[in-house]
Amino acid sequence: MPELPEVETVRRMLEGNVVGRTVRAIRLSGQRLRSPISPVAVRRLRRRRIDSIGRHGKYLFLHFDGGHTLLSHLGMSGRWLFSPSPPDAPLPHVHARFEFEDGSSLRYQDPRRFGLLRVVSSDRLGHEPELRSLGPDPIANGFAAEDLAARARGRRVAVKSFLLDQRQLAGIGNIYASEILHRARVHPSRAAGRIVAREWNAIARSTRKVLLEAIARSGTTFSMYRTLWNEPGQYGEQLRVYDRGGQPCRDCGTAIRRVVLGQRSTFFCPSCQPRVTTKRKK
DNA sequence: ATCCTATCCTGTAGGC
DNA sequence: TGCCTACAGGATAGGA
């Protein structure tokens with residue numbers, strides 16, 4: 001569910017609301033997520049203060065003093081929810097609750113349990129298997145179209161599946177992959193290795209533009225995603241193709257098509273995104 | 001190496 | 001109303 005813009009929204013809100021707070025107690029549910037949560041490791045965060053919040057792709061890093069980092073991935077349905085005061089009605093599917101010394105609390109809720117919570121030592125963060133193979137973050141400095149083109153060389157996968165591959169580029173998910181390709185006017189089924197430099201430039205530009213605009217609207221709430229304050233994101237109104245099968249393209253009026261690529265719904269405009277690169281008239 | 005499928009899990013929407 | 005099926009924003013292991 002949450003892609004880079006949603007995760008970045010949560011990162012910013014964690015930065016503004018929990019940095020500087022010290023953990024008094026932690027409660028775990030005992031339910032396993034993508035992998036089991038180690039209660040022993042989590043206990044190391046007691047009495048520790050949250051110093052900063054980082055992110056790469058869809059992964060969040062809550063850096064504590066004492067050299068501990070809480071690694072977090074929201075999977076499909078994960079939410080971090082902040083409450084300024086203690087008396088909270090209990091919620092279903094809360095897997096971890098952090099109570100701070102000032103009485104506020106932070107809960108991790110995740111019905112489908114595809115998320116990840118793991119306490120690691122901060123200086124070994126880069127060695128975590130999930131992070132080691134991640135590609136560049138597209139809104140970090142230094143992200144370049146040439147890098148994408150080089151990574152795609154010789155690849156036959158559909159460019160849309162390529163954009164979803166976190167080893168190539170970290171943070172793009174199923175909604176924004178379709179949105180980016182529509183903005184770049186590239187057909188999602190085209191082989192990644194056959195995209196030409198001019199198109200990679202368009203894809204790279206569209207990627208930054210779509211992701212930054214989505215962040216500015218606190219992300220997209222399709223169904224589950226909520227911000228730290230349990231509010232929906234506002235980018236859904238801006239979506240040009242995702243979940244708009246049969247509806248008119250906002251640019252040209254042609255009916256948006258839905259196809260399945262790599263078992264994921266994919267949306268595109270057949271007229272704005274022709275399968276073959278249009279040859280330019282002389 | 002690369003590509004593709006099945007799988008983990010719960011909630012929800014739609015058909016009947 | 002209830003029952004059933006299909007599908008959902010992700011990642012990964014394993015087979016071809």
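Residue numbers start from 1 in every chain, and the chains themselves are labelled A, B, ... in the order their sequence lines are given, proteins ahead of strands.
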**Student:** Base, sugar-phosphate, or nothing for A/Thr221, non-hydrogen atoms under 4.0 angstrom?
**Tutor:** base
**Student:** Does A/Arg264 make a side-chain N or O approach to OP1 or OP2 of C/dG10 shorter than 4.0 Å?
**Tutor:** yes
**Student:** What orientation do A/Tyr242 and A/Phe267 show, parallel under 30°, tilted 30 to 60°, or perpendicular over 60°?
**Tutor:** perpendicular
**Student:** Does the pair A/Arg12/A/Glu8 count as a salt bridge with the N-to-O cut at 4.0 Å?
**Tutor:** yes
**Student:** The side chain of A/Pro111 is closest to which nucleotide in this list: C/dG10, B/dA6, B/dT10?
**Tutor:** B/dT10
**Student:** If I compare all heavy atoms of A/Pro270 with all of A/Thr254, which pair ends up nearest, and what's the gap?
**Tutor:** CG-CG2, 3.9 Å
**Student:** Separation of A/Tyr225 atom OH from B/dT12 atom C1', in whole Å?
**Tutor:** 20 Å
**Student:** P atom, C/dA11 versus B/dT12: distance in rounded Å?
**Tutor:** 22 Å
**Student:** For A/Tyr176, which contact category applies under a 4.0 Å heavy-atom criterion: base, sugar-phosphate, or nothing?
**Tutor:** nothing
**Student:** Going by atom types alone, do A/Tyr225 and A/Glu3 pair a side-chain donor with an acceptor below 3.5 Å?
**Tutor:** no
**Student:** Compare the minimum distances between each of B/dT2, B/dT10, C/dA11 and the side chain of A/Tyr59, then state the nucleotide with the smallest one.
**Tutor:** C/dA11
**Student:** Can you measure A/Leu33 atom CG to B/dT10 atom P for me and round it to whole angstrom units?
**Tutor:** 12 Å
**Student:** Side chain of A/Arg34 only, please: which of C/dA11, B/dT10, B/dC3 is the nearest?
**Tutor:** C/dA11
**Student:** What is the distance from NE2 of A/His73 to P of C/dA11, rounded to the nearest Å?
**Tutor:** 4 Å
**Student:** Would you list the protein and nucleotides 13-16 of chain C atom pairs, both N or O, that sit under 3.5 Å from each other?
**Tutor:**
none

**Student:** Could you check whether the rings of A/Trp80 and A/Phe98 sit parallel, tilted or perpendicular, using 30° and 60° as the cut-offs?
**Tutor:** tilted
**Student:** What integer number of Å spans the C1' atoms of B/dG11 and C/dT12?
**Tutor:** 23 Å
**Student:** Could you check how far CG of A/Asp110 sits from C1' of C/dA11, rounded to whole Å?
**Tutor:** 13 Å
**Student:** In whole Å, measure the gap between the P atoms of C/dC7 and B/dT5 for me.
**Tutor:** 15 Å
**Student:** Starting from C1' on C/dG10, measure out to CE on A/Met76 and report it in whole angstrom.
**Tutor:** 5 Å
**Student:** Would you mind checking if A/Arg217 and A/Glu237 are paired as a salt bridge, meaning a charged N to carboxylate O distance below 4.0 Å?
**Tutor:** no
**Student:** Using atom CZ of A/Arg194 as one end and atom C1' of B/dT2 as the other, report the distance to the nearest whole Å.
**Tutor:** 17 Å
**Student:** Go through B/dC3, C/dT12, B/dC9 for me and flag the one nearest to the A/Arg113 side chain.
**Tutor:** B/dC9
**Student:** Could you tabulate the donor-acceptor pairs under 3.5 Å formed by side-chain atoms of residues 152-164 of chain A, not counting sequence neighbours?
**Tutor:**
unit_1   : atom_1 : unit_2   : atom_2 : d
A/Lys160 : NZ     : A/Asn174 : OD1    : 2.5
A/Lys160 : NZ     : A/Ser265 : O      : 3.3
A/Lys160 : NZ     : A/Thr266 : OG1    : 3.0

**Student:** Treat each ILVMFWY residue as a node, draw an edge where side-chain heavy atoms are under 4.5 Å apart, and state whether A/Ile180 and A/Ile139 are in one component.
**Tutor:** yes
**Student:** Out of B/dC3, C/dA8, C/dG10, which has the shortest distance to the side chain of A/Arg155?
**Tutor:** B/dC3
**Student:** A/Arg258 near the nucleic acid: base, sugar-phosphate alone, or nothing, with a heavy-atom cut-off under 4.0 Å?
**Tutor:** sugar-phosphate
**Student:** Do we see a donor-acceptor contact under 3.5 Å between the side chains of A/Ser29 and A/His95?
**Tutor:** no
**Student:** In dot-bracket, 5' to 3', how would DNA chain B read with Watson-Crick or G-U wobble pairs under 3.5 Å, [ ] for crossing ones and | for pairs to another strand?
**Tutor:** .|||||||.|||||||
**Student:** Tell me whether the ring of A/Phe114 lies stacked over the C/dG10 base, given a 5.5 Å limit on centroids and a 30° limit on the plane angle.
**Tutor:** yes
**Student:** CG of A/Asp165 versus C1' of B/dT2: gap in Å, rounded?
**Tutor:** 10 Å
**Student:** Do the rings of A/Phe82 and A/Phe100 sit parallel, tilted or perpendicular, given the 30° and 60° boundaries?
**Tutor:** tilted
**Student:** Tell whether A/Gln263 reaches the base of B/dA6 with its side chain through a donor-acceptor pair below 3.5 angstrom.
**Tutor:** yes
**Student:** Pick out which of A/Arg185, A/Arg183, A/Arg194, A/Arg190 makes a salt bridge (charged side-chain N to carboxylate O under 4.0 Å, His left out) with A/Glu199.
**Tutor:** A/Arg190
**Student:** Please give, in whole Å, the distance from C/dT12 P to A/Arg32 CZ?
**Tutor:** 14 Å
